[in-house]
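Written below as structure tokens is the structure these notes are about.
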Number of protein chains: 2
Amino acid sequence: MEGKEDNSLGGVKEIARRANVSLGTVDRVINNRAGVAVKTRNRVNAIIEELNYQPNVLARRLALTSRGTLRVAVLLPDISEETEYWKAPLEGINKADLEIRQYGVQVEHYFFDQNVQSVFAEQVNRIMANAPDGVLITPTFEKESIALMKFCKKKKIPCVLMNSDIPDQHRLCYIGPELFDSGYLSGQLVHYCLKEGQKAMIVNIAREIENNVAILRKEDGFLAYFREKLSQDQLVHLNMTDTGYASVAARLTALLEAHQQIGIIYVTNSRVALVAQWLESIGRKDIVLIGYDYLDKNLDYLKRGVIDFLLCEKPQEQGYRGVMSLFQYLIFSTTVQEDYLIPIDIVTSANYRYYRN
Amino acid sequence: MEGKEDNSLGGVKEIARRANVSLGTVDRVINNRAGVAVKTRNRVNAIIEELNYQPNVLARRLALTSRGTLRVAVLLPDISEETEYWKAPLEGINKADLEIRQYGVQVEHYFFDQNVQSVFAEQVNRIMANAPDGVLITPTFEKESIALMKFCKKKKIPCVLMNSDIPDQHRLCYIGPELFDSGYLSGQLVHYCLKEGQKAMIVNIAREIENNVAILRKEDGFLAYFREKLSQDQLVHLNMTDTGYASVAARLTALLEAHQQIGIIYVTNSRVALVAQWLESIGRKDIVLIGYDYLDKNLDYLKRGVIDFLLCEKPQEQGYRGVMSLFQYLIFSTTVQEDYLIPIDIVTSANYRYYRN
DNA sequence: TCTTTTTTCGTGCACGTGCACAGGTTTTTA
DNA sequence: TAAAAACCTGTGCACGTGCACGAAAAAAGA
């Protein structure tokens, strides 16, 4: 039971005592600061090894409190009725903000309209001008995002990406889902639910489909599953850049007329509620509906059995972890930090009550 | 942008200055200690409210370091080849242990054999004799668990339950799944996958089925779904108290002979691997198989397409949160603490890579 | 050898909180 | 009215670490 020497006891003081030097010297060795003889440094390092010394993070941050606050810039889409999704990451970010504020880290918000690229560029410039200590962004527009990442690299500012990734640039980490497998999983669900002789439909609803990385990746994954396990002619495609309900309903009605065997609809984003509204209006609860995101509107349809499956990627946790990983890095100097691939969760009317967003 | 007054600045010192009292007095008010005039107390409390004061946890724990270490007793089943499941909670517990050790909290382990009630009782007695500062248990045997909970109540020791619950006793919180809905969700999955004219089968494999709260609750939920949405005669029951493979295979073979329309099998615990082994041996990958737990053995079958769905309840997180909630309570005196119902996750071959246990 | 520069090291304060102890004030008792 | 008791409040140290400042020692220059 007793076993090895307990590591937790003895801090800097014990090291100083054993090495027969002062606290200041030990401190210099630990923090790799100059001004200590090589011989002394080695001796102290040996004792640090021997004691398996782990600095007390509480005391460390407490001591640093006097040094002033660190600023973390957060860039994400603003929240409209249409893009309610982004409320969740923001909540996670705010939660983290509250937790780390007293440790001398504060979060600065920058918002942009997902439909206006110039605003995004403008906000990127503002961030660069303000030179924060850390950056968290959702890289909706690739060009400006890369510019910001290059800037961060030069200034040695840690940069975290969220929600979708730009892999080949220099960044601290990516926090978000593996979108291809998200689509692939949808294909699998469709396969399980598909009855004899039925067809499935994939629906993209977004103003800009060709530039939307998220939608494209999910579709890739979905199609990959169909190629592997099903037949292409069991699938009907539909792209809609007009996101108004009337337009959506009209297109869907026409398509259902043409393909009466459709038994399953897969919507590649949170606009699944539009389809649900339409399905309910025409009284076709029997059609299996799969979509995205744990939003109030979607949950309503889920509870009522109109939507059958919601795929969710913990947007709140994404925001929270994004900020916290910067916090970890800045405060505790945690150098090693892998990308964090968020689980792809399946939510139905039977388990939504326990889901943590 | 400036808006309201920033809450983070100013701690006890600022309160003392505004109330025109000393630090000691403020401290007494905050910690509800005696020896301060009612008038003064009210004045200080008002200022605390006004400043929205939040104590600095770093400093708080740092100050308490001198006070000595707290001991947390953990009681859970030991890990055999048959009960590999319990490795995960233990990992979570150990992870928490490492994190909180330097804050002066240490974890003491107590193990028992799930098949031997007397050992459980014995360990409960050992815990009571050692009088720890906190207790975390998996209440496999109800009678002894209640005895321990009563002891804790008398001694004011916080007691956390994990994995399954005993609701009506005095306890700090429960951390685990809502088992009824877990079974209900399985029913729903079966419904989605059931093809025309097929039957489903529910299989319980455990030495003691009638005393196993977890299995019974899941079965309740599953049957509830069938009553609501399907027909009872689409369901075949099977209970097996002999957990050896040969015996399982024999029973299953016989039953499949009798009910050839069986298209889906639901196993109510992690023994689903036994059924998978059998299915693979008879070459019936077409039968949909649903079971429990993110274990290596089960994952193998999942990847190969023998098992189709695994329901998982984050056992590692359960252990982690169990210890951490005690830590929170003991160190930060977080009085309000709800039960934590773990999400019921659906894992398939398409998303298992991203699952966090 | 003495002064100047550089290197190396020790000391003291700060961070925000908990707690023991002592000093002070009011109320009770003799 | 003085002494004793009860009550209230202020002061100082500790927790472990980071950093500034200055002192001591060593090295370089004259």
Side-chain angles (χ1 to χ4, degrees), chain A residues 7-45 48 51-70 100-105 330-333, chain B residues 7-45 48 51-70 100-105 330-333:
Chain A
N7 57 359
S8 67
L9 35 95
V12 186
K13 235 168 12 186
E14 176 67 9
I15 298 172
R17 199 183 60 76
R18 297 209 193 190
N20 200 27
V21 291
S22 78
L23 293 160
T25 303
V26 176
D27 179 58
R28 274 181 280 267
V29 173
I30 289 172
N31 297 50
N32 299 318
R33 242 175 291 127
V36 42
V38 194
K39 208 177 134 191
T40 316
R41 166 160 274 145
N42 289 338
R43 184 155 41 100
V44 173
N45 268 325
I48 289 178
L51 292 183
N52 185 25
Y53 167 75
Q54 297 288 106
N56 185 319
V57 289
L58 272 58
R60 167 169 287 175
R61 183 53 204 164
L62 187 60
L64 283 171
T65 298
S66 47
R67 208 108 305 277
T69 69
L70 297 171
I100 68 180
R101 182 170 290 181
Q102 68 182 318
Y103 306 143
V105 179
L330 291 170
I331 301 301
F332 304 132
S333 310
Chain B
N7 58 358
S8 70
L9 35 96
V12 187
K13 237 168 10 187
E14 176 66 10
I15 298 172
R17 199 184 60 76
R18 298 209 192 191
N20 201 27
V21 292
S22 77
L23 293 163
T25 303
V26 176
D27 179 57
R28 274 182 281 268
V29 174
I30 289 173
N31 296 51
N32 299 318
R33 243 175 291 129
V36 42
V38 193
K39 208 175 133 192
T40 315
R41 165 160 275 146
N42 289 338
R43 184 155 41 99
V44 172
N45 268 326
I48 289 178
L51 291 183
N52 184 25
Y53 167 74
Q54 297 287 107
N56 186 319
V57 290
L58 271 58
R60 169 169 286 177
R61 184 54 204 162
L62 187 60
L64 285 170
T65 299
S66 47
R67 209 115 303 277
T69 70
L70 298 170
I100 67 181
R101 183 169 290 179
Q102 70 180 320
Y103 305 144
V105 179
L330 291 170
I331 302 301
F332 304 133
S333 310

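Because the structure is predicted, anything quoted here is derived from the model rather than measured. Quick note: numbers below take in every heavy atom, side chains included, and nothing from hydrogens, waters or symmetry partners. In what follows, chains carry the letters A, B, and so on, assigned in the order in which the sequence lines appear, proteins first and then strands, with residues in each chain numbered from 1.
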Return the set of residues passing side chain to side chain contact (heavy atoms under 4.5 Å, CB included) with A/R17 (not counting sequence neighbours), or none when no residue passes. A/E14
Can you run down the salt bridge (charged side-chain N to carboxylate O under 4.0 Å, His left out) pairs that involve residues 19-37 of chain A, sequence neighbours left out, and say none if there aren't any? A/D27-A/R33
Does a nitrogen or oxygen in the side chain of A/K13 sit under 4.0 Å from OP1 or OP2 of D/dT17? no
Protein and nucleotides 24-26 of chain C: nitrogen or oxygen contacts under 3.5 angstrom:
none

OP1 or OP2 of C/dT17 versus the side-chain N and O atoms of B/Y53: is any pair under 4.0 Å? yes
Counting only heavy atoms and a strict 4.0 angstrom limit, can you tell me which residues of residues 21-44 of chain B come near DNA chain D? B/V21, B/S22, B/G24, B/T25, B/R28, B/G35, B/V36, B/A37, B/T40
Atom-to-atom span, CG of A/N56 to P of D/dC15 - whole angstrom: 12 Å
Could you give the angle between the helix axes at the two ends of the helix from C/dT1-D/dA30 to C/dA30-D/dT1, with five pairs per end, rounded to 10 degrees? 60°
Sorted by chain and residue number, the salt bridge (charged side-chain N to carboxylate O under 4.0 Å, His left out) partners of B/R41 (sequence neighbours excluded) come out as none
A/I48: partners by side chain to side chain contact (heavy atoms under 4.5 Å, CB included), with sequence neighbours left out: A/I15, A/V29, A/I30, A/V44, A/N45, A/Y53
Round to a whole Å and report the spacing from CG of A/N20 to C1' of C/dT8. 15 Å
Tell me the interatomic distance from A/Q54, atom CD, to D/dG16, atom P, rounded to whole angstroms. 15 Å
